[in-house]
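Worksheet for the structure shown next.
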2 protein chains.
Amino acid sequence: MASLADISARAGVSIATASRVLNGSSHPVSAAMRQRVLDAAAEVDYAPSFVARALVKGRTPIVGVIVGDIVDPYFAEIARGVEDVVGRKGYLTMLSSAHRSTELEIGHLRALRAYQATGVIFASSGFLHDTRREELQRSLDETREAGAKVVALAHRELDCPTVTFDNRAAAYDVTDYVISLGHRRIAFVDGPEGLYTSLERRDGFEAAMRAADLDPTLRFEGGFEYEAGYETARRIAAGRLPEAIVAVNDDVGIGLLMGLRDAGVDVPGTVSVAGIDDTRPARYVGLTTVSAPLHELGITAAGLVLADDEDGAPTGDIVLPHRLTPRSTTARRRARAAGQRRRAARARARR
Amino acid sequence: MASLADISARAGVSIATASRVLNGSSHPVSAAMRQRVLDAAAEVDYAPSFVARALVKGRTPIVGVIVGDIVDPYFAEIARGVEDVVGRKGYLTMLSSAHRSTELEIGHLRALRAYQATGVIFASSGFLHDTRREELQRSLDETREAGAKVVALAHRELDCPTVTFDNRAAAYDVTDYVISLGHRRIAFVDGPEGLYTSLERRDGFEAAMRAADLDPTLRFEGGFEYEAGYETARRIAAGRLPEAIVAVNDDVGIGLLMGLRDAGVDVPGTVSVAGIDDTRPARYVGLTTVSAPLHELGITAAGLVLADDEDGAPTGDIVLPHRLTPRSTTARRRARAAGQRRRAARARARR
DNA sequence: TTGTAGGCGTTATCAT
DNA sequence: ATGATAACGCCTACAA
């Protein structure tokens, strides 16, 4: 590991001069000296120590991204958005999974602070009753005092800028779409208990139902994962079937889809199913959903984190647009019984 | 940002003493002093600077993971495996996407070295003819000289320990399974040109075909992504249909599945489809595949990177086992025509 | 234009 | 048991 000292010795110049040419300083250096330094640096394949540099500048070109679970395509898409922009600017991405634990988040925040990270992005939603929220806020404040920018990508009740999309409206929109297909008896499969995102989406569902004078109380416990949807499907299939089901997210929607079909229920023939987010798997199975600007969330957050303060960068909160994406797991309502066979035939033909 | 100097002043002790109690040194410190230091540290919520520490210790508790694309569930699963174990030990994960560019990999390696990372894990496969391979190897050597452990999770022609699974055998096994179903005219959809992983899998396919006295030459260009599979499906559907198709990975397999069905081809009634990897989406759509030990790859690699050298840790290369996972996109071969309707009926019933 | 030297926060060596 | 103090590698006034 060559250091500036090595270079300066090799080139026969002072460390200061070596430093100046090797870090794009604006301080003038004669062409001759410059060349000698450059040559010496090339010879030993010099690479500056980020840690030494960080120690003096009080800042590391690191952006931390705290997600729930990187295997969840929701977070993966966000992480990629972040990396796309910070990587291009020479920053590195520190990725941490917090598994929805505020305690772990605080720990990661602490570590990021210890590294003098340039910024940190919270990708997960928060809980309505979070006993550790204040503690998190304190940790966040300290982080900011240490010079890092912090931004959240979901509702958190935290004093920090956010970039989000409207979960409530997204849920409202899919629900409204399903209603427009003629369905009346529509169920909602909930997300994890107490999470803002779950609540907002449920809220959107209920609002759309009420706006159409329909009963918004048909709800099932769920989660954010495929398995939750699959299990719920079996429970649903065992009772009186709804005409359509809106799931809190795509994974649950897909779980419902598969569970229902495995239980012998035709989707969308007998029951329509829709999700929210439009992660890749949703495309794969043709799930009707609403496209959330996941990648853009990451890009935008990264932009905020790296923006020069004088940049006139948009401050406060940013809300990105979503878009309804109808696919083939939802269908127009038909009269029961009679339509049943016809639907089956059409479904077959469509393949 | 409180520093040791602050603490020492507050507690009325030397910086050395403060340091000793605050970093679990074995150096003896009297109970009284210890308490004073602890109190002072608590008052100001002291957190040691990782960068200062790194400067003197020449090492950062960071492990870098260089993947192709974090949105690809293949890599996401590996990244999670890594994070699960390094996180538990107090290390942080630096994630970088290299998009199959050796040049980007070299850049990331350089950065990781500048950070004095403890280890770096290469998750992507290499190319058969990589003009930059030597350059990468040099960079890798330097990284290792700097004290970092390096491990690769795929064939790379690099002088460094690897932990992998047997791509060739995996492809052989699915192919063999498909053959056992009675299929004869079986196609293979290739991965990206020149990638070791692509080649090994194709090799396994061909070997299995030849072992069964079947023609191994029915191949289609593909890639590693859903879209490639989908497009290929349309081309395949336009010609004489094979009885079965083995895809280089799950995403392509799913693309084939959807493309075929959209083109009116019944899967598995008319054509069977299988993939490799068993990423989550494969489970979602019921794709027949072989389960690759992705998560374990990450876990094992992380273990190697964090292992004490004296640990008697397994050196050299490690090959983890895979497992055939039949699902519902493959079916036994029937006599054509006559069986057609019957198959359709059964397919419906099975749901 | 070049060089000297102080300091960033820790750890570790060497006295005391 | 405690405390100075010299690194670690780099940047940056300040001096020359």
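In what follows, chains are A, B, ... by sequence order, proteins preceding strands, each numbered from 1. The figures that follow rest on heavy atoms only: side chains count, while hydrogens, waters and symmetry mates do not.
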With nearest nucleotide decided by heavy atoms, which residue, B:Ala31 or B:Gln116, maps closer to the 5′ end of DNA chain D?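 The answer here is B:Ala31.
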Quick one: [X] [atom1] to [N] [atom2], roughly how many Å, whole number?
| X | N | atom1 | atom2 | result |
| --- | --- | --- | --- | --- |
| B:Tyr115 | D:dC10 | OH | P | 14 Å |
| A:Phe50 | C:dG9 | CZ | P | 21 Å |
| B:Arg34 | D:dA1 | CZ | P | 10 Å |

Can you name the residues that form a ring-ring contact (aromatic ring centres under 6.0 Å, His included) with [X], not counting sequence neighbours?
| X | answer |
| --- | --- |
| B:Phe224 | none |
| B:His295 | none |
| B:Tyr46 | none |

With sugar-phosphate meaning primed atoms plus P, OP1 and OP2, does B:Met33 contact a base, only sugar-phosphate, or nothing at under 4.0 Å between heavy atoms? sugar-phosphate
Options D:dT2, C:dT10, D:dA1, nucleotide nearest the side-chain atoms of B:Thr17: D:dT2
Between C:dC8, D:dG3, C:dT2, which one does the side chain of B:Val13 approach most closely?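 Nucleotide nearest to B:Val13's side chain: D:dG3.
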Five pairs per end, C1' atoms only: what is the angle between the end axes of the helix from C:dT1-D:dA16 to C:dT16-D:dA1, to 10 degrees?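 Taking five pairs per end, the axes differ by 50°.
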Note: A:Pro48 and A:Arg53 closest approach over all heavy atoms is CB-NH2, 3.3 Å
Under 4.0 Å between a side-chain nitrogen and a carboxylate oxygen: does that hold for B:Asp141 and B:Arg144?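 Here B:Asp141 pairs with B:Arg144 in a salt bridge, since their nearest N and O are under 4.0 Å apart.
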Salt-bridged, A:Arg88 to A:Asp84, with N to O below 4.0 Å? no
Nucleic acid footprint by protein, nucleotides 11-16 of chain C - heavy-atom cut-off 4.0 Å, B for base, S for sugar-phosphate alone: BBB---
Between A:Ser49 and D:dG9, is there a side-chain N or O to OP1/OP2 distance below 4.0 Å?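 Negative; the distance criterion is not met.
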For B:Ala154, is there any backbone N or O sitting under 3.5 Å from a side-chain donor or acceptor partner on B:Ser125? no
Quick check: does any side chain N or O of B:Thr118 sit under 3.5 Å from a backbone N or O of B:Thr60, one acting as donor and the other as acceptor?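 Indeed, once roles are kept as given, a pair shorter than 3.5 Å links the two residues.
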Where at least one partner belongs to residues 16-45 of chain B, residue pairs that pass ring-ring contact (aromatic ring centres under 6.0 Å, His included), sequence neighbours excluded: none
